[in-house]
Amino acid sequence: MIRNDQYEYELPETMKAAVMTNPGHIIIEEQPVPRPSANEVLVKVMAVGVCGSDVHYFEHGRIGRFVVEKPIILGHECAGIIAAVGEQVSRLKTGDRVAIEPGVTCGRCSACKEGRYNLCPDVQFLATPPVDGAFVQYMVIREDMVFPIPDHLTYEEAAMNEPFSVGIHAARRSKLAPGTTLAIMGMGPVGLMAVAAAKSFGVRTIIVTDLEEVRLEAARRMGATHTVNVRHEDALAVIKQITGGIGVDTAWETAGNPKALQSALYSLRRGGKLAIVGLPAQDEIAINVPFIADNEVDIYGIFRYANTYPAGIAFLSSGQHDVMSLITDRYSLEETQQAMERALYNKSGSLKVMVYPNGM
């Protein structure tokens, strides 16, 4: 049994879905509109951001141990409207505007019970094989993974709470403190939202690096105090100059680039903290262990996030972050193939690609 008596129209029987039949090829299919079970809600999906992991599956068909073995629907940065609720749902109602946390965990394992549910071995994460994602007009998800958003927050901003959450999690894991110094290597969408997260945590000096001037300009809008174009400048020399030769308190690597990871490590002061956010293409890379030991560097692995969505919505609702300026490319659901190609092939001048399953 489902309830949708407060919604403005009858639920359709079918919907459109953008299905990746094989890497590099997406088609639009007509599929049945799913119906929520007792503890689930049905969301009319209004905005979905294209993530780096979506692009990786689109290009290569795999990320590490996760392999695309059958047609899959990509997309996991999403927000929308509650269209129907299961009979046991009490926290949400039809018509609510919501952000969706895309990882449904078991709630029973030791990681879940410790509050580190991002490490749940049985997580069902949207758009991670074999789980379908959000490039659809409607989707069902468990009630506790859905969070109401205020009326003034756009669906696009709410969808961006997903990459923003990575920055919040990195800040908490690396014990980011107000008044400290931070270097962030790589200004892709996750890196840019990491700048916003660092600003929210009161960091005094935020130094960022990238190859593209358009991304560095976006980082300045997000709150970066210093930008370094590594095509033309020596990042370590600039960081040492800014910090009086000492180095930064904390460094985050968000690009998944081995050279950027080494730069992040060497940018630290003695006793500094390194957070590894980006994942390199190869499993093993060289890193200076004597430097880590001699300087007592604390290293934090960052895997997604946990318990971040309410804080992220509050930060994004405050108006201090110009997240909408990061969205440079907009596509309909029927144009998902073009959206993925834009994110993959035409990165110059493009910051964030957004897909609108139910119209812009």
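This one's a predicted model, so the numbers in the text were calculated from it and none came from an experiment.
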Engineer: Please answer whether the main-chain N or O of Arg304 pairs with a side-chain N or O of Asn118 as donor and acceptor at a distance below 3.5 Å.
Structural biologist: no
Engineer: Any side-chain donor-acceptor pair under 3.5 Å between Thr128 and His76?
Structural biologist: no
Engineer: Picking from Glu30, Glu334, Glu29, Glu335, what satisfies salt bridge (Lys or Arg N to Asp or Glu O under 4.0 Å) with Lys16?
Structural biologist: Glu334
Engineer: Do Ile184 and Leu274 sit in one hydrophobic cluster, given that two such residues count as connected whenever their side-chain heavy atoms are within less than 4.5 Å of each other, even indirectly?
Structural biologist: no
Engineer: Cationic tip of Arg342 within the cone over Tyr331's six-membered ring, i.e. under 6.0 Å and within 45° of the normal?
Structural biologist: no
Engineer: Does Ile28 belong to the same Ile/Leu/Val/Met/Phe/Trp/Tyr cluster as Leu74, with side-chain heavy atoms less than 4.5 Å apart forming each link?
Structural biologist: no
Engineer: Does Ser317 reach the side chain of His152, with side-chain heavy atoms less than 4.5 Å apart?
Structural biologist: yes
Engineer: Set out, in order, the CA-CA distance, both residues' side-chain angles and the distance that settles side-chain contact (heavy atoms from CB on, under 4.5 Å) for Lys199 and Met222, then state yes or no.
Structural biologist: CA-CA 8 Å; Lys199 179 181 177 181; Met222 288 297 101; over 6 Å; no
Engineer: With heavy-atom distances below 4.5 Å as the criterion, would you say the side chains of Glu162 and Tyr305 are in contact?
Structural biologist: yes
Engineer: Can you confirm whether Asp283 is buried at CG, in the sense that more than 12 heavy atoms of other residues, nucleotides or ligands lie under 6.0 Å from that atom?
Structural biologist: no
Engineer: Going by the rule salt bridge (charged side-chain N to carboxylate O under 4.0 Å, His left out), which residues pair with Arg65 if we only count those two or more places apart in sequence or in a different chain?
Structural biologist: none
Engineer: Would a 4.5 Å heavy-atom cut-off, applied to side chains only, mark Trp252 and Leu176 as touching?
Structural biologist: yes
Engineer: Looking at Asp249 and Lys273, does any basic side-chain N land under 4.0 Å from a carboxylate oxygen?
Structural biologist: no
Engineer: May I ask you to test the Pro36-Glu143 pair for a side-chain heavy-atom distance under 4.5 Å?
Structural biologist: no
Engineer: Is the CD atom of Glu233 crowded by more than 12 outside heavy atoms at less than 6.0 Å?
Structural biologist: yes
Engineer: Phe58 versus Glu341: any side-chain heavy-atom pair under 4.5 Å?
Structural biologist: yes
Engineer: Does the Arg97 side chain pair with the main chain of Pro150, one donor and one acceptor, at a distance under 3.5 Å?
Structural biologist: yes
Engineer: Looking at Lys352 and Val50, would you say the former's side chain and the latter's main chain have a donor-acceptor pair under 3.5 Å?
Structural biologist: yes
Engineer: Specify the closest pair of heavy atoms between Phe201 and Arg172, including all atoms of both residues, with the distance to one decimal.
Structural biologist: CZ-CG, 4.1 Å
Engineer: Are side-chain heavy atoms of Arg231 and Glu212 found at a separation under 4.5 Å?
Structural biologist: yes
